[in-house]
Amino acid sequence: MDDDRLDAGVLGVPLGARATLVQFSTAFCAPCRATRHVLRAVAATEPGVAHVELDAESHLELVRRLDVRSTPTVLVLAADGRVVTRASGVPRRPQVVAAVDRAADTRSA
């Protein structure tokens with residue numbers, strides 16, 4: 001597996017047909033709860049989008065490999081598992097939808 005690709009085996013869930021939103025969180029992170037709400041809403045309303053939330057403390061090897069430095073950190077994956085974009089902090093819904101569209105557009109590039 002390439003360093004910039006994640007797959008269902010690593011994430012524990014199937015990748016979305018268009019994009020996958022990977023959220024790194026920690027137990028007592030209030031912004032993580034707000035981020036979860038935004039990402040779940042996008043995944044529920046955008047066809048082919050999956051959301052997976054990973055506890056950073058339980059996935060330290062992956063956190064190190066992906067250089068996750070704070071929570072929440074969100075990675076947007078293309079359908080093939082390539083990391084297309086990443087952001088820290090609580091995203092706004094339009095930002096997430098735009099990132100999903102960019103990830104989906106990489107299939108035809």
Side-chain angles (χ1 to χ4, degrees):
M1 177 173 59
D2 297 337
D3 281 346
D4 61 346
R5 287 184 195 261
L6 300 175
D7 61 25
V10 171
L11 299 176
V13 298
L15 297 177
R18 286 181 60 215
T20 302
L21 307 171
V22 180
Q23 175 183 348
F24 286 91
S25 299
T26 50
F28 299 105
C29 167
C32 294
R33 289 188 290 278
T35 298
R36 178 185 314 120
H37 177 74
V38 171
L39 299 183
R40 280 185 180 168
V42 170
T45 57
E46 292 288 324
V49 177
H51 169 241
V52 59
E53 185 174 4
L54 300 175
D55 177 62
E57 294 173 0
S58 299
H59 295 85
L60 288 177
E61 183 178 320
L62 190 57
V63 164
R64 289 182 187 110
R65 184 180 121 200
L66 297 170
D67 196 29
V68 173
R69 296 179 182 215
S70 63
T71 58
T73 292
V74 177
L75 306 178
V76 180
L77 310 182
D80 65 359
R82 278 179 300 114
V83 177
V84 174
T85 192
R86 67 187 290 150
S88 296
V90 180
R92 293 189 321 261
R93 181 184 171 86
Q95 294 171 314
V96 177
V97 172
V100 165
D101 289 342
R102 281 193 307 276
D105 286 346
T106 64
R107 288 187 299 178
S108 59

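Because the structure is a prediction, the values reported are computed rather than measured.
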Co-members of the apolar cluster containing V90 [side chain, <4.5 Å]
none
Please name the pair of heavy atoms, one in A56 and one in V63, separated by the smallest distance, quoted to 0.1 Å.
O-CG2, 3.6 Å
Output, in order, the C-alpha distance, side-chain angles, deciding distance and verdict of side-chain contact (heavy atoms from CB on, under 4.5 Å) for L77 and L21.
CA-CA 6 Å; L77 310 182; L21 307 171; over 6 Å; no
Which heavy atom of P14 sits nearest to which heavy atom of A50, and what is that distance?
O-CB, 4.1 Å
Which heavy atom in A8 sits nearest to a heavy atom in L15, and how many Å separate them?
N-CG, 4.4 Å
Q95 (side chain) donor-acceptor with R92 (main chain) under 3.5 angstrom
yes
Taking salt bridge (charged side-chain N to carboxylate O under 4.0 Å, His left out) as the definition, give me every residue that meets it alongside D101, ordered by chain and number, with sequence neighbours left out.
R18
Do T26 and T71 pair up side chain to side chain, a donor and an acceptor below 3.5 Å, judged on atom types alone?
yes
Write down the atom of A78, the atom of A103, and the distance for their closest heavy-atom approach.
CB-O, 3.9 Å
Is D7 paired with R5 through a side-chain N to carboxylate O contact shorter than 4.0 Å?
no
So, Q23 side chain and C32 main chain: donor-acceptor pair closer than 3.5 Å or not?
yes
Trace of the side-chain hydrogen bond (donor to acceptor under 3.5 Å, both in side chains) decision for T45 with R93:
CA-CA 11 Å; T45 57; R93 181 184 171 86; 2.7 Å; yes
As a quick check of understanding, evaluate side-chain contact (heavy atoms from CB on, under 4.5 Å) for L75 and T85, giving each step before the final call.
CA-CA 6 Å; L75 306 178; T85 192; over 6 Å; no
Between the CD atom in E57 and the CG atom in D55, the distance rounded to the nearest 0.5 Å is 5.5 Å
